[in-house]
Amino acid sequence: MKIIRSPTSMATWSEQLRRQGVKIGFVPTMGALHEGHRALIREARLRCNALVVSIFVNPAQFGPREDLAKYPRPISQDRALCRKEDVDVCFEPTVEDMYPSGFQTMVTLPTIARRWEGEARPHHFSGVATVVTKLFGIVRPQIALFGQKDFQQSALVLQLVKDLNLGVEVVVQPTVREKDGLAMSSRNVYLSSDDRMRAATLYRSLQAGAEIIRRGVTNGKAVQSAMAQVIEKEPAITIDYLAVCDPATLEPLSSVMRQAVLLGAVRLGSVRLIDNILVVAKQARRKF
Ligand code: PAF
């Protein structure tokens, strides 16, 4: 496995392969790789001939009071996982490489990025959109894989690629979960042992919402309150938002007639968790 740090060398490597007709797959990450990343890497490996994983903790997507300085950076472990999964290149640019002095251009956001995480973390998505655009420009993959756990991020990337004609096929893969249902995330390591035991409550609340939709409840507020009831049983958890949304627009649904995405964000101590479930309404399911 090659480790490439300079964007110019990365672009040259990709250009040579593209000229030979090699299909390049890409998994962008901020490192601290876990089983969710491994699943993306494995799926990417099956879909391409050359595989690049980027490891870059992107300062532009962290707010001033967020965890940029303490974000986990276990680079040797990350490289070992990539080697084991037959990754061809680990692209590890520095902050100066990605944002040299004089850097000015930021990508502005589509409306799907306005609510939910967009409201809670005002600079986050413009940092994500900008770095993903830059990484795609450097790595020039034909296909890139993202996790459904960051549902709004995936929607943003799909829109970005369409609007800016980036020519990358974006594949969104299902969330990988711990045994108790907690969505895998690099930030789970921050949870205290007590909070770790409570953390799967978020997933259980989304499941409760999904369950009543599957049973035929259509009222968005009723679904939201069924989800809230599960969380409210755990006083140590604070709700940031629980929402019943249209999966395409991420606007709240007053009534669920077809598909919905249930989005949730909660706080346990200083840790913020997000998760989501896609659900098809009873009325929309085909009868055989
Ligand atoms: O999901 C992530 O890890 C990051 O937001 C991404 C897509 C690598 C951009 O920094």
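The basis for the numbers below is simple: all heavy atoms, side chains too, and nothing from hydrogens, waters or symmetry mates. Numbering of ligands and ligand atoms starts at 1, following listing order.
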For atom 1 (O) of ligand 1, what is the nearest protein heavy atom, given as residue, atom name and distance?
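Minimum-distance protein heavy atom for atom 1 (O) of ligand 1 reads Gln153 NE2, 2.8 Å.
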Connected via hydrophobic side-chain network under 4.5 Å: Phe91 and Phe26
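Cluster IDs for Phe91 and Phe26 match.
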Consider every N or O of Gln61 and every N or O of ligand 1, then say whether any pair is closer than 3.5 Å.
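Yes, there is a polar N/O contact under 3.5 Å.
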So, applying salt bridge (Lys or Arg N to Asp or Glu O under 4.0 Å) with Asp88, which one of Lys23, Arg83, Arg45 is it?
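Only one option passes, and that is Arg45.
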Heavy atoms only, cut-off 4.0 Å: how does Thr29 contact ligand 1, side chain, backbone, both, or neither?
backbone
If the cut-off is 4.0 Å to any non-hydrogen atom of Val131, which atoms of ligand 1 fall inside it?
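This gives 9 (C), 10 (O) as the contact atoms.
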May I ask you to decide if the ring planes of His34 and His37 are parallel, tilted or perpendicular, using 30° and 60° as cut-offs?
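Ring orientation of His34 relative to His37: tilted.
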Using the six-membered ring wherever Trp is involved, compare the ring planes of Phe62 and Tyr71 and label them parallel, tilted or perpendicular (cut-offs 30° and 60°).
perpendicular
